[in-house]
Amino acid sequence: MKPYYITTAIDYTNAAPHIGHAYEKVLADVMARFQRLNGREVYFLTGVDQHGQKVQKKAQEAGKEPQQFVDEITAHFTALWEKLGVKYDSFALTTAPPHKRVVQAILTRLHEAGQLYKASRRGHYSVRQEQFLTDKERGEDGKFGDEWGEVIELEESNWYFKLSEHVDWLKGYIRSHPDFIFPAHRAHDVINALEGSGGIDLCISRPKERLTWGIPLPFDPDFVNYVWFDALVNYISYAGYLADECGNTGLPDFKTLWPANAHVIGKDILSPPHAIYWPTMLHAMGFSDADIPRLVVHGWWNVKGSKMSKSLGNVIDPNVLADTFTPDGLRFYLMKDIATGYDADFSDERLLMAYNKELGGGLGNLLNRSLNMANRYRNGVVKIGGHDDDICVSLRETVIEAYTAYPEKMESWAIHEGIEEAWKIVTAANGFIEQTQPFKLAKDESQAARLDAVLHHLAESLAHVSVLLDPVMPVMCGRIREQLGWALPDSFKLTDLRWGLLPDGHQLGLGTPLFPRVEVASEEGAGAKARP
RNA sequence: GCUCCUGUAGCUCAAUGGUUAGAGCAGGGCACUCAUAAUGCCUUGGUUGUCGGUUCGAGUCCGGCCGGGAGCACCA
């Protein structure tokens, strides 16, 4: 089976990352880890988009060279991924020479194939903002607002990609490939956008007088390549496309890696860039239908019902949350409280609840009480096979049902349902303790065998939980296993899960609270700590 | 303006056209003591936005209205 190739959007390096960036990368990371755990080779690519007008402007304002400016912002991103445990195989930088060479090679090929042409168009241009304006920039009265300053009509030459030649193919492709976009309902919007269009091509250049911070067009030095074309190509340039021709080394073998199994993106960049520009670009480059990648479109985290935006001042900083609730605590919340593809509401209160009640009270406390009793009554030694009863059978069935249902849920991006499956074990095990009351069994010598069985069932159940939740909480699940005195065997796969991970006579470790309770001072929930 | 999605418990969401619309969390009560003031059991809570239609039967299908959201190709 070919490697599972997963990418994320590459983030625009004009500001520091917020919770939305973090969500997307964690989502992709969880899927990558799940696939690995499922025994599949994985190539996980993320990165940053460092080109573009905004970057050039911001760098100027900061009095810095663009490269220095983007390097600094990029460091914020990579530091956050390090902190959150986002473990990628490669990190795309659009200013990196190997990437630039591939972009130029593609442009050359398309140019030679007659897919690009130069044309002149008139438009409204804001002198102050140094950009062309579209009808969307018009106010209610149909005029351009004061924020644009002086607006003049200007004619400008640019290079265009003959996107319109591929639209009919794209419509057919989308209709005949319901898997192309997940969730499927978003394909409607794309088809709709295509229907309403009138053969407009894609502008892929900016004159050098206006924008220098970009990749020069190899066939016309007066222009640089503009944004989407350059950015989208990262998905193939970093996968080894045209590596030989461009003299790029150290990259994967493109033929075995492509197509991407998942381009994980936000709904804001589905149409037009990923659903229209990207497949038509690939098609123009000669990619077949079988080599069109799949799009996984996630929703947004709103804040109290409204969009997160700098102007509203409600931007959530993932760094602070990870400090308060641990990186894995944040990952857990981000994966559990949203259904992939849909929006969710970010809530300090729910995050606090997820951490304290579910992770602390549910999972952490289960581990702690189980280990405490095992150590107190049996010096942490697991003894198997001396006793069995219906209550034990029932717990075993829950575990088996959970790890049976789990892979399907995860495979179909229903991460929150995968977590739910694992959580059935946590809930059942806590109930199991109430039913069996090992602390009472310990007082009765005649119940010794039953106590052994109970303690064994708890430890074994926790070992399973530590595997199932590993993609979501890699650090904490590692700690669970440490406390259990158990490590994942080499090349352990999900399909290796079975009742009986812990051997007879296994020595458990000592328990320490995994998720120490987070106390909040005010009634504003976690806000007090999360946003000082 | 055009197109599409959506409206179910305080919150997040389930319910192939088929019993009395369910779960988790939050709220309330009780129990327990191994544990991180944890856990378990019980429980409150609904005119499924609204008006009509189709049907033996509608949360589900159709239409109107009201509310929420999204998309509509040089905008990253």
Side-chain angles (χ1 to χ4, degrees), chain A residues 9-12 14 49 51-55 119 121 123 131-137 156 158-161 163-164 167 183 185-206 226-232 267-273 275-277 280 299-300 302 305 307 336-339 342-345 347 349-350 353-354 356-377 416-417 420 423 427 429-442 454-455 458 511-518:
Chain A
I10 51 175
D11 298 312
Y12 204 55
N14 64 340
D49 181 6
H51 281 133
Q53 187 122 35
K54 281 183 188 168
V55 168
R121 292 201 184 153
Q131 71 177 75
F132 275 85
L133 305 177
T134 68
D135 286 345
K136 284 201 175 171
E137 264 86 43
E156 185 173 284
N158 268 307
W159 283 89
Y160 290 82
F161 162 53
L163 191 155
S164 53
V167 165
H185 70 263
R186 296 213 180 267
H188 291 301
D189 290 342
V190 177
I191 292 278
N192 188 241
L194 288 168
E195 291 296 343
S197 70
I200 298 169
D201 289 327
L202 174 64
C203 182
I204 59 154
S205 74
R206 284 292 180 271
Y226 187 56
V227 184
W228 277 115
F229 205 94
D230 163 17
L232 290 163
K267 62 179 185 176
D268 52 325
I269 53 171
L270 171 64
S271 178
I276 299 177
Y277 301 162
T280 52
W300 281 352
N302 298 318
K307 277 186 197 173
K336 184 197 155 289
D337 238 28
I338 194 168
Y342 299 87
D343 290 354
D345 208 54
S347 154
E349 218 172 288
R350 288 184 70 87
M353 214 64 82
N356 275 344
K357 294 284 182 179
E358 299 184 42
L359 290 177
L363 175 58
N365 186 51
L366 172 67
L367 176 70
N368 202 237
R369 65 199 301 213
S370 300
L371 288 177
N372 187 61
M373 288 189 284
N375 280 298
R376 181 180 299 192
Y377 307 139
H416 65 301
E417 292 182 6
E420 203 175 293
W423 221 258
T427 304
N430 270 319
F432 177 80
I433 295 179
E434 300 304 317
Q435 279 184 285
T436 56
Q437 303 199 304
F439 41 89
K440 282 188 181 159
L441 299 177
V454 168
L455 296 174
L458 288 171
T512 41
L514 266 185
F515 302 98
R517 197 178 165 79
V518 171

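Heavy-atom basis, side chains included; hydrogens, waters and symmetry copies ignored. Sequence lines set the chain letters: A, B, ... in the order given, protein chains first and strands last, and positions in each chain run from 1.
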Item checked: Sugar-phosphate only, base, or nothing, as touched by Tyr226(A) at under 4.0 Å among non-hydrogen atoms -> sugar-phosphate
Next item on the list: Nearest whole angstrom, please: distance from the P of rG24(B) to the CG of Leu359(A).
Entry: 18 Å
Check: With rounding to whole Å, what would you report as the distance between rC62(B) and rG7(B) at their P atoms?
Finding: 13 Å
Notebook entry, point to check: Excluding sequence neighbours, so at least two apart, what forms side chain to side chain donor-acceptor pair (under 3.5 Å) with Glu434(A)?
Noted result: Arg369(A)
Just the atom pairs and distances: protein N or O near nucleotides 26-34 of chain B's N or O, under 3.5 Å.
residue, atom, partner, partner atom, Å
rC34(B), O3', Asn372(A), ND2, 3.0
rC34(B), O2', Asn372(A), ND2, 2.8
rC34(B), O2, Arg369(A), NE, 3.1
rC34(B), N3, Arg369(A), NE, 3.3
rC34(B), N3, Arg369(A), NH2, 2.7
rC34(B), N4, Arg369(A), NH2, 3.0

Checklist line | Pairwise P distance, rU50(B) and rU8(B) [rounded to whole Å] | finding: 10 Å
Check: Would you say a side-chain N or O of Tyr277(A) is under 4.0 Å from OP1 or OP2 of rC74(B)?
Finding: yes
Check: Looking for any heavy atom pair under 4.0 Å, which part of the strands does Leu270(A) touch: base, sugar-phosphate only, or nothing?
Finding: nothing
Next item on the list: Return the set of residues passing side chain to side chain donor-acceptor pair (under 3.5 Å) with Glu420(A) (not counting sequence neighbours), or none when no residue passes.
Entry: none
Note to self: I need the CG-P distance between Leu458(A) and rA35(B), as an integer number of Å.
What the structure shows: 14 Å
Next item on the list: Send over the distance from Tyr342(A) OH to rG71(B) P, rounded to a whole Å.
Entry: 16 Å
Checklist line | P spacing across the pair rC42(B) / rG24(B), given as an integer number of angstrom | finding: 10 Å
Next item on the list: Can you sort out the partners of Phe515(A) under ring-ring contact (aromatic ring centres under 6.0 Å, His included), two or more places apart, ordered by chain and number?
Entry: Tyr355(A)
Notebook entry, point to check: Is there side-chain contact between Trp423(A) and Lys336(A), with at least one heavy-atom pair below 4.5 Å?
Noted result: no
Next item on the list: Measure the spacing between CG of Leu455(A) and CE of Met373(A) and express it to the nearest 0.5 Å.
Entry: 6.5 Å
Next item on the list: Runs of at least three consecutive Watson-Crick or G-U pairs, both distances under 3.5 Å, are what I'm after; which ones involve RNA chain B?
Entry: B:1-7 with B:66-72, B:10-13 with B:22-25, B:27-31 with B:39-43, B:49-53 with B:61-65
Next item on the list: Could you state the atom-to-atom distance from CG of Leu366(A) to P of rG40(B) in whole Å?
Entry: 9 Å
Item checked: Nearest-angstrom distance, C1' atom, rA23(B) to rG63(B) -> 33 Å
Margin query: Donor-acceptor check, side chain of Tyr377(A) to backbone of Asn372(A), threshold 3.5 angstrom: yes or no?
Written below: no
Margin query: What's Leu163(A) touching, base or sugar-phosphate or nothing? Going by heavy atoms closer than 4.0 Å.
Written below: base
Check: Taking C-beta and beyond as the side chain, do Asn356(A) and Val518(A) meet within less than 4.5 Å on heavy atoms?
Finding: yes
Notebook entry, point to check: Any idea which heavy atoms bring Gly361(A) and Asn430(A) closest together, and the distance?
Noted result: O-ND2, 4.5 Å
Notebook entry, point to check: Where is the tightest heavy-atom contact between Ala275(A) and Val190(A), given as atom of each residue plus distance?
Noted result: CB-CG2, 3.6 Å
Notebook entry, point to check: At under 4.0 Å between heavy atoms, what does Gly431(A) touch on the DNA or RNA strands: base, sugar-phosphate, or nothing?
Noted result: sugar-phosphate
Next item on the list: Using heavy atoms to find the nearest nucleotide of RNA chain B for Arg186(A) and Arg206(A) separately, return the residue whose nucleotide is more 5′.
Entry: Arg186(A)
Note to self: Any base atoms under 4.0 Å from Asn430(A), or only sugar-phosphate, or nothing? Heavy atoms, all strands.
What the structure shows: sugar-phosphate
Pull out every protein N or O sitting under 3.5 Å from an N or O of nucleotides 3-10 of chain B, one pair per line with the distance.
residue, atom, partner, partner atom, Å
rU3(B), O2', Asn192(A), ND2, 3.0

Margin query: Less than 4.5 Å apart, side chain to side chain, heavy atoms only: is that true for Ile204(A) and Tyr277(A)?
Written below: no
Item checked: rU47(B) versus rU60(B) - spacing of their P atoms, nearest Å -> 16 Å
Next item on the list: Rounded to the nearest 0.5 Å, what's the gap from NZ on Lys54(A) to CG on Asp49(A)? Could you check?
Entry: 11.0 Å
Next item on the list: Take atom P in rG49(B) and the same atom in rC34(B), then report the distance between them in whole Å.
Entry: 49 Å
Margin query: If you assign each of Pro516(A) and Trp228(A) to its closest nucleotide in RNA chain B, which residue comes earlier from the 5' end?
Written below: Pro516(A)
Notebook entry, point to check: Under a 4.0 Å N-O cut-off, is there an ion pair linking Asp345(A) with Arg350(A)?
Noted result: no
Checklist line | rA15(B) and rG57(B), which share atom name P, separated by this distance in whole Å | finding: 25 Å
Next item on the list: Report the distance from atom CH2 of Trp423(A) to atom P of rG24(B), rounded to the nearest whole Å.
Entry: 15 Å
Next item on the list: Would you mind classifying the nucleic acid contact of Gly360(A) as base, sugar-phosphate or nothing, using non-hydrogen atoms under 4.0 angstrom?
Entry: base
Item checked: Leu514(A) to Gly364(A) - nearest heavy-atom pair and separation -> CB-CA, 4.5 Å
Notebook entry, point to check: What is the distance, rounded to the nearest whole Å, between atom CG of Asp337(A) and atom P of rG24(B)?
Noted result: 16 Å
Note to self: Using modelled atom types and a 3.5 Å cut-off, is there a donor and acceptor pairing between side-chain atoms of Asn365(A) and backbone atoms of Gly360(A)?
What the structure shows: no
Next item on the list: Could you state the atom-to-atom distance from CD1 of Ile276(A) to C1' of rG71(B) in whole Å?
Entry: 10 Å
Check: Considering only the P atoms, how many Å lie between rC13(B) and rG64(B), rounded to the nearest integer?
Finding: 27 Å
Checklist line | Arg517(A) CZ to rU36(B) C1', straight-line distance once rounded to whole Å | finding: 8 Å
